[in-house]
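Scroll down for the structure; my scribbles are underneath it.
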Number of protein chains: 2
Amino acid sequence: MTTGKRTRIPREQAQEIILNAAEELFDQEGIHAVSVDAVVERAGINKMSVYRQFSSKTDLILAYISRKQEAFWTEWNLSLSKHPDQPREQLIQFFRDLAAKASCTDYRGCCFLNVAVEFPDTAHPVRELVTTHQRRIHDALLEMAEALGAAHPSELAYTLRLLMEGTYAESQTYGTDSGAIQMLPAIVEKLIDTSIAIR
Amino acid sequence: MTTGKRTRIPREQAQEIILNAAEELFDQEGIHAVSVDAVVERAGINKMSVYRQFSSKTDLILAYISRKQEAFWTEWNLSLSKHPDQPREQLIQFFRDLAAKASCTDYRGCCFLNVAVEFPDTAHPVRELVTTHQRRIHDALLEMAEALGAAHPSELAYTLRLLMEGTYAESQTYGTDSGAIQMLPAIVEKLIDTSIAIR
DNA sequence: TACATTTGTTACTAACTAGTAACAAACCTT
DNA sequence: AAGGTTTGTTACTAGTTAGTAACAAATGTA
């Protein structure tokens, strides 16, 4: 800026800095609302450094979503690792952790839902990432429902999906202390037990 | 346009035309993605005619949301009117109609969710409309849960809320034929009956 | 017919957008 | 030290955005 000396930042490091800045801004303010210049300023990095790494804003958004995808499965595995080989406890734990996250005041919802809303055109490249991610979530929930010994695994998986997406949506529309979100773990626990009992 | 003759449109009529055009575009493409000029073009009306009725784009958005609010309760009442004085049937009917709507290929989700996502700043005027609308929905669901004779009306209301919001979210992320949405009426029916049986 | 009001039209401002060209400075390898 | 590569800086393009000023044409009213 004002200094005569230039500070050079190598590629890999710059990419991290840019993606961190983009993530913060996209999460907080939305994607369309954040300009590339805003990301540049937040990252404290030069504009050309962005366009030398990401060919376009869309490219940057794709990288942002890919990162979020990885982060989701990291958290998923973290929840599951708390109760090895206990699918019922694992699933409840995941929803407990989800509720805790969605109750944070700075929580800005599920990035995949947000992206889907901000990019209504399903042919847009960013939507492909959303679609594959959702499919994987469904597969994971179905797998858990089967491992649980649910009477109707598919129905349980669908219901869990609705509750999960509902939590993401509520965190936006009702706010982070929606009441329903606090009750989520209990609701899921009861649902699972009912689903097993009917067997 | 090309005609020499000018066609004059009175205020009230113009307002309707503008709001119809805005609704179509906002629903289909999102709010930030639609410019005032795009609304003007779609409405086939002059730009000044828009700004003489709505002081700003925000003002137009507020009018759009207000209309959606009215439309929601019209549909709510329509569902309920199919089974007078039968709260269980009324509630199931509402979710049946919701699922049918959310299964349409051109369905673009719940406008209130979309607005919440597109306007993360809860202090923004449009968010007030969303907040009051969500509160009313909760009150209505709670009232129904009590009329049903649920063992724990509040818990049932919260769960129904999550399923409802989940449906809206799924219609975006999973698409209109998500599987879960088709199963929604059955899920709600079972949930209600379980909720009464425990009594 | 005369006048006030409403509406349509054109042209504009000022700010912001994504993306790029050209060059200067730093670094790395030899 | 020499030359190539990577990075920083500045300045720019061309398009879009919300919103407005000024005037022309149509309408209503007296």
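All heavy atoms count here, side chains included; hydrogens, waters and symmetry mates do not. Letters A, B, ... mirror the listed sequences (proteins, then strands); counts begin at 1.
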Next on the checklist: Does anything in residues 91-119 of chain B form a ring-ring contact (aromatic ring centres under 6.0 Å, His included)? List the pairs, not counting sequence neighbours.
Outcome noted: B:His32-B:Phe119, B:Trp76-B:Phe94, B:Phe112-B:His133, B:Phe119-B:His124
Item to check | Length of the CD-C1' vector between B:Gln13 and D:dT27, whole Å | outcome: 15 Å
Item to check | Rounded distance in Å - CE (B:Met48) to P (C:dT6) | outcome: 13 Å
Next on the checklist: For A:Glu23, run the salt bridge (Lys or Arg N to Asp or Glu O under 4.0 Å) check against A:Arg108, A:Lys68, A:Arg42 and tell me which one passes.
Outcome noted: A:Lys68
Item to check | A:Arg52 CZ - C:dC23 C1' separation (whole Å) | outcome: 11 Å
Checklist entry - Are A:Trp73 and A:Tyr168 joined in one hydrophobic group, where the rule is that I, L, V, M, F, W and Y side chains link up if heavy atoms are under 4.5 Å apart? => result yes
Checklist entry - For residues 38-64 of chain B, which residue pairs qualify under ring-ring contact (aromatic ring centres under 6.0 Å, His included), counting only residues two or more places apart or in two chains? => result B:Phe26-B:Tyr64
Checklist entry - With a 3.5 Å cut-off and no angle check, do the side chains of A:Glu165 and B:Gln172 form a donor-acceptor pair? => result no
Next on the checklist: Output the rounded distance in Å from CD (A:Glu12) to C1' (D:dT6).
Outcome noted: 14 Å
Checklist entry - What integer distance in Å separates B:Ile18:CD1 from D:dA18:C1'? => result 15 Å
Next on the checklist: For B:Asp97 and B:Gln93, which I'm curious about, is there any donor-acceptor pair between the side chains at under 3.5 Å?
Outcome noted: yes
Checklist entry - How long is the line joining CD of B:Gln15 and P of C:dT7, in whole Å? => result 11 Å
Checklist entry - Starting at CZ of B:Phe54 and ending at P of C:dT7, how long is that distance when rounded to a whole Å? => result 13 Å
Next on the checklist: Is the phosphate of C:dT7 approached by B:Ser49 (side-chain N or O, under 4.0 Å from OP1 or OP2)?
Outcome noted: no
Checklist entry - What does nucleotides 14-19 of chain C look like as a protein-contact string, B for base, S for sugar-phosphate only, - for none, at under 4.0 angstrom between heavy atoms? => result ---SBB
